[in-house]
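Naming convention: chains lettered A, B, ... in sequence-line order (proteins, then strands); numbering from 1 in each chain. No hydrogens, no waters, no symmetry mates; every other heavy atom, side chains included, goes into these values.
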Amino acid sequence: MEYNFREIESKWRKFWAENQTFKAEDNALKPKYYVLDMFPYPSGAGLHVGHPLGYIASDIFARYKRLQGFNVLHPMGYDSFGLPAEQYAIQTGQHPDKTTKENIARYREQLDKIGFSFDWSREVRTSNADYYKWTQWIFTQLFDCWYNNKTQKTERISSLIHFFATLGNSSIDATTDCELTFTAEEWNGFNHEKKEAILQQYRLAYLADSWVNWCPALGTVLANDEVINGVSERGGHPVEQKKMRQWSMRIKAYAERLISGLDGLDWTDSIKDQQRNWIGKSQGCSVNFQVEGFLDTEKVIEVFTTRPDTIFGVSFLVLAPEHPFVATLTTSERKDAVESYVKASSLKTERDRQANVKNISGEFLGSYAIHPFTGEKVELWIGDYVLASYGTGAVMAVPCGDQRDWDFATHFGLEIKNIFKNIDISEAAYTEKEGVIADSDFLSGLTVKEAIPAAINAIEEKQIGKGKTNFRLRDAVFSRQRYWGEPFPVYYKDGLPHMIDTRYLPVVLPEVENYLPTADGQPPLGNAAVWAWDTVDNQVVDKVNIDHKTVFPLELNTMPGWAGSSWYFLRYMDPHNATEFVSKEKVAYWNNVDLYIGGSEHATGHLLYARFWTKFLYDLGYISFDEPFQKMINQGMILGRSSLVYKASNMTFETSNQTEISNLFVSKFWYNYLTTKKNSKIFKLDKDDLFVQKMNLILGGEIVNSIELDSDPISMICSPRHVDISIVENDRLDIEAFKNSREEYKNAILVLEEEGIFVCGSEVEKMSKSKFNVQTPDELVDKFGADTLRMYEMFLGPLEQSKPWDTKGINGVHNFLRKLWRLFHDHENNFVVSDDAPSNDSLKTLHKTIQKLSQDLERFSFNTGVSNFMIAVNELSDQKCNNRSILRELLIMLSPYAPHIAEELWEKLGYEAGSINVASFPIFNPEYLVESSFSYPISFNGKVRFSVELPADMSREDVEAHVLKLDKTTQYLEGKTPKKMIVVPGRIVNIVV
RNA sequence: GCCCAGGUGGCGGAAUUGGUAGACGCGCUGGAUUCAAAAUCCAGUACUGCAAGGUGUGCGGGUUCGAUUCCCGCCCUGGGUACCA
C-alpha cells in the first residue's frame, strides 16, 4: 500500500502523546489564543460523526494559530455530573462514578483516534472533588454577595449589613425580593433570624419558597430552559408548578448587563436575539389604581405597562388569579364564581394554560378601581392570561391597543374605548407603536412617541407610579433533588442555612445505598448515613450525631448541571491550583476565550449562566474580563441519512393455489411503481401487469392472478421500515445481511430491480439509534483514516449549516490524500523530491493556495479550504511538481487539516519530527500571481458572448478601442452603434446596444 | 403569530467589495489500461435544442451598463419563542 494511513496515524498519535507536543505553556512572551469546545457530557452512547464536527474545526483553527506563532490554549474535559448516569445507576445499581469513568474512557479513546491537538494535561471533570471544591467555593461567594443597582456592581453582604445598620434599607437600590422598608433602628432591633431572613432576600444565592418546575417522573426540579413546551427537555416528561424551598440564583440582577454586553460579542445574531428575548427587557411605567371603597393605601393595585400613553383607554383591570388581593376585592355576589375560577386555574398546569391560549376565560370580581386621571369606575376582573410571576401580576386593560385585552373585552362584552385618532378598531386592536392619541385629556394630539414620556411625567408628578424597566428573565432555581451533582457546602442551624467555611471544602459527595428519593420524599442524599456537619471538628460525620448544638444536618439537594459548566473555561487556565480556583496571573495572561465552538442549543442555558458567573467574578476582582466567550461559532447539526425498505401492506393477492404471500419487501422502483398506480386510482393489477409478472417470476410459476390495492387514500401500499445503514451501500441493500439481521426477515420475499439489486429508499433525519442511521467516527477512521475523516467532515459544507451525513463523497477526499502522497513519491513508492528551483506555474499555484487558504481560515470557511487543497494538488500533479520548497509550504498549510500525513511527509522531507506544529504559516507573495494578460469576457447588454486575451496593463481606452475593432464585435453589434461601453480593467467589458 | 437563519445542477456545495453562475468533490456517461476486477488515467456532464441559439440561482416586481449578491412584496424549509402587559 502506498499511503499507509493506519501505520502513519498510530505512529504520530503515539509521538504526540509521548512528547506532549500540544502542551500549552503559561508563557507570557508569546501572544495567547484560547480555542475552546463546548463542554461535552460523556454519554454512554459514545460519539457519532456529528459530535466531532466542531472539535475538528476548532482543532484546525488551534493548529493554524500555533503556526502563526500564538501560544494556544486548546483544552478538553468533561461535564461529568448529570442525569443519565444517575438514571442508569437507579436501573443497574452501579455507582454513577464508575459508569461515568467508563464513558469518559470510551470518549477519550474515540477522541484520540481523530488526532486532536488537545492539551490533555489540563483536562477537568466537574465530578472530581478537586474541581467541584471550587464550584462550591463560588457558591459560597454568591451567598456572600448582593447586587447594588446604583453602581451596577456586585458587593459583599458585609457592606449591605453596614448600610442597614446605619441607614436602614429605604435609600438602597438593590436587586431584592424584600418589600419591607425599615430604618437603621428597626434593623438593629431585629433578632438574628429576622435579619437573616431579610438578607436572604438580597443574597445572590438565596433560599426561598418559589414556584418551581417540578417533574414528578424525574423526581426533580428543572430550570426554565430545561422545560420545553411544558415537558422536560430530557425524557419529555410532564412538568407541573409546585412551591418548594429551593436555592436560587439572583441572575435578574445582571439582566441589564447581560443584554447590553451582547453588543460587544462576536456571536451570531440569532443567538444574541435568543438571549435578548429570553431576558425580555421592556421599558414602561408602573401605575397605581385605588380601589373603590378602600381608603387604605395598602389596597392599591399596581400595574405595569409599556404603553402609559394609552392610560385613557383603560376600561378595566385584570388581575392574575393568584394575585393576593383577589379574595378581599371579591364581592359576596361574585364569591362563588371567583373562587371556583381561582381553584380551576390553580389546578391547571402551565402546559394547560399555554394550550388554551384561544380559550378566553375570567371572572368579574364585583368591585371597582378608580381611574387615576378621570376618576371613573373601572371594573376589576381576574383572568389567567395575566401571569402572577411577571410584572405585578395585574394589568390595566386597554382593549383598543392590545389584542389580548381586545379579545377579553369582546368576549365578555366590556367597553372598548378608542383613543387613537382616525383608527378603526372594530375588527382588531391597533397594536402599532405609532399614530396620534385622541380623547385623552393632556395627551390628545400627541404622537405615541411623544405621549409615552408625557404620560410617565404626569404619572410621576401625581406620585401614582414611576418609569420602570421590567425583565422577563426569572431567577434561576439552583437546587436539584438528585444524587449525581455537586453537594452544597451548607448545613442548617435553627432552620437557617450556614455556609461551611471555605477552608474545609470540598464537601465530598457521600455514598448512598440507592439513588432514589427516600421513603418520606427527601432527595437521594437523605439516604446517606454519613451526612451531618460537625462544627467543632469541621468535618462530615454520621447523622446519628446530629444534636443541633454542634452537629447539624447538611443540605440534601445537589447543584444543577449548569453549576460546573458555568466556570470551567477558567479552570483550564490553571487546572491544578490547590489554593485558588484560578490564579490572577494566569487569568490575566490567558484572558477570555477567543474562539468558542459548540451547538446553538445552549443559547438560553449555559451561555447565559456562564456570562452571569463571569460578571459576578469580575465584579469581585477575581478575573479581568466580564464576558467569557468573545467569538462563538455554532456548528450545525449533522443529520443522519436513514435507509428504508418497503414492506408490502394493504395488498390482497389472489393466487391460484391459495399460496400465502406475506413478509414481502419491494425495492424502491416497485415502491414508486405501486404508489403511482394507486395515485392514479388503479386499484387492481391484472396478470399482464408488470408487478404481477415480476411476482410470478419470483415465485416460479403462474401463481398470482391479480393483486388488489387498498383503495382507501390514507392507507399506504408499503410501509417504510428503517434498516441499519451498515448493511446498505450506496442505497444498495446487502440482502444476505438483511435476512440475517432479524428473525422476522429470515423468510422475507424481496422484489428486486431489473439489475437484480434491492435499492433502499432514504430519508434525512436526526441521527438516532432507533432509526439505525448512526454513523460512528471509529468505523470511518478504521476504513479511511483520521485525516480523511477530518477533511471530509469539513468538506461537507459550511460549519454553521446543518447538513445530511452521507459517506458517498468520502472516497473523493481519501483520493485527494493519496494524490498528495504521490506528489512525494514515484511509482515504486520511493520518496523523491527535487531541490531544483520551482517553476513559475508551481509558485503561482502555491501562492494562490496560500492566499485563498489564509482567507478561508480567517473567515472559518473550512469547506472551501479543503477544495483549495484539492485544486492545488491537482495542479501540482499536472505540473509534475515535486520541488521541496513548494511541497514544504504546502505541508505546513495542510497540517492543521490532515496532521498525521503532514507530520509523516514533513519528517520524510528531513525536518525534525513534531516541528511542523511550530513551523511558520507561509507568507503570501502577490508577485507570483501577476499575470501579463487577462482574458476579457466581452458582453453585450450584460450577456457574455466571447472573450479576448489582452495585456493586463492595457488602459481602459485602449481596451475599448481594441474591442470595438474586433470582427466578432461587429458581428454581435448587428450594424447598430453602441450606446455606451463599460470597461472594468481586469474584470469585464460590457457593450450597451 | 413574532424573531432568526436559509432556498443555486441528479447530490453535498462554490462564487470574499454587484462584474464570465455552477469552483471542488460525489454520482453518472464514454474511452484507455487489465485475462478480469479494483485502483489509476483521459474526455464529457445546469436545462433545452441537430445546431445557431434560448432559458436558468424559490416566486413576482424594482434599481443598475450588468443582480445568486442591493431594495420592495410573497411562498417554502429549518431553528427559537409563545398570553411577558
Report yes if the distance between the aromatic ring centroids of H825(A) and Y3(A) is under 6.0 Å, otherwise no. no

Given that both pair distances must be under 3.5 Å and the pair must be Watson-Crick or G-U, what runs of three or more consecutive pairs involve RNA chain B? B:1-7 with B:75-81, B:10-12 with B:24-26, B:27-32 with B:40-45, B:46-48 with B:53-55, B:58-62 with B:70-74

Using a 4.0 Å heavy-atom cut-off, does R822(A) contact any base of the nucleic acid, only the sugar-phosphate backbone, or nothing at all? sugar-phosphate

Residue of the set F795(A), F869(A), F61(A) for which ring-ring contact (aromatic ring centres under 6.0 Å, His included) holds with Y897(A): F869(A)

Which listed nucleotide (A15(B), A85(B), C83(B)) is nearest to the side chain of T305(A)? A85(B)

Should R474(A) be listed as having a side-chain N or O under 4.0 Å from OP1 or OP2 of C84(B)? no

Under 4.0 Å between a side-chain N/O of K980(A) and OP1 or OP2 of C65(B), yes or no? yes

Which value, in whole Å, describes the distance between the P atoms of nucleotides C70(B) and A15(B)? 14 Å

Give a yes or no on whether the ring-centroid distance for F316(A) and F412(A) is below 6.0 angstrom. no

Using the P atom as the reference point in each nucleotide, state the distance between C84(B) and G6(B) in Å, no decimals. 28 Å

For the side chain of W278(A), counting heavy atoms from C-beta on, which of A14(B), U81(B), C84(B) is nearest? U81(B)

Check step by step if side-chain hydrogen bond (donor to acceptor under 3.5 Å, both in side chains) holds for S282(A) and N470(A). CA-CA 5 Å; S282(A) 48; N470(A) 251 349; 5.5 Å; no

Does the side chain of N815(A) get closer than 4.0 angstrom to OP1 or OP2 of U40(B) through an N or O atom? yes

If the C1' atom of A51(B) is compared with that of G13(B), how far apart are they to the nearest Å? 33 Å

C1' atom, G49(B) versus G54(B): distance in rounded Å? 8 Å

To the nearest Å, how far apart are F946(A) CZ and A52(B) P? 17 Å

Salt bridge or not for R276(A) and D273(A), using N-O below 4.0 Å? yes

Write down the distance separating the C1' atoms in G56(B) and U48(B), rounded off to the nearest Å. 10 Å

Would you kindly say whether Q971(A) and D967(A) are connected by a side-chain donor-acceptor distance under 3.5 Å? no

From the list U16(B), C65(B), A15(B), which nucleotide is the closest neighbour of the side chain of K852(A)? U16(B)

Under 3.5 Å, is there a donor-acceptor pair between the side chain of T970(A) and the main chain of L966(A)? yes

G7(B) glycosidic torsion: syn (within 90° of 0) vs anti: anti

Output the rounded distance in Å from CG (L473(A)) to P (U81(B)). 14 Å

Is any side-chain N or O of S282(A) closer than 4.0 Å to OP1 or OP2 of A85(B)? yes

One thing to verify: whether K466(A) and E302(A) come together as a salt bridge, which I'm taking to mean a side-chain N less than 4.0 angstrom from a carboxylate O. no

Taking U77(B) as the reference, what is the distance to A39(B) when you measure between their P atoms (whole Å, please)? 40 Å

Any donor-acceptor pair under 3.5 Å linking the side chain of K852(A) with the backbone of H847(A)? no

Of F816(A), F784(A), W805(A), the one forming a ring-ring contact (aromatic ring centres under 6.0 Å, His included) with Y792(A) is W805(A)

Euclidean distance for C1', C76(B) against U8(B) (whole angstrom): 15 Å

What is the distance from NZ of K979(A) to C1' of U64(B), rounded to the nearest Å? 14 Å

Would you tell me if any nitrogen or oxygen in the side chain of R987(A) comes within less than 4.0 Å of OP1 or OP2 on C65(B)? no

Regarding E875(A) and K844(A), does a basic nitrogen lie under 4.0 Å from an acidic carboxylate oxygen? no

Separation of F869(A) atom CZ from A23(B) atom P, in whole Å? 20 Å

Roughly how many Å apart are C71(B) and A46(B), using the C1' atom of each and rounding to a whole number? 28 Å

Going by the angle between their ring planes, with limits at 30° and 60°, are F946(A) and F940(A) parallel, tilted or perpendicular? tilted

What integer distance in Å separates L262(A):CG from C4(B):P? 15 Å

Under 4.0 Å: is that the gap between some side-chain N or O of Y972(A) and OP1 or OP2 of G53(B)? yes

Once you round it to whole Å, what is the distance between C1' of G13(B) and CE of M791(A)? 16 Å

So what does Q801(A) touch, heavy atoms closer than 4.0 Å: a base, only the sugar-phosphate, or nothing? sugar-phosphate

Given C65(B), C84(B), G12(B), which nucleotide is nearest the side-chain atoms of P804(A)? G12(B)

Select one nucleotide: of C65(B), U16(B), G25(B), the one nearest the side-chain heavy atoms of F795(A). G25(B)

Strictly below 4.0 Å: does N277(A) bring a side-chain N or O up to OP1 or OP2 of A82(B)? no

Using atom names, set out every protein N or O paired with an N or O of nucleotides 66-68 of chain B below 3.5 Å, distance rounded to 0.1 Å.
none

Do any side-chain nitrogens or oxygens of Q274(A) fall under 4.0 Å of OP1 or OP2 in C3(B)? no

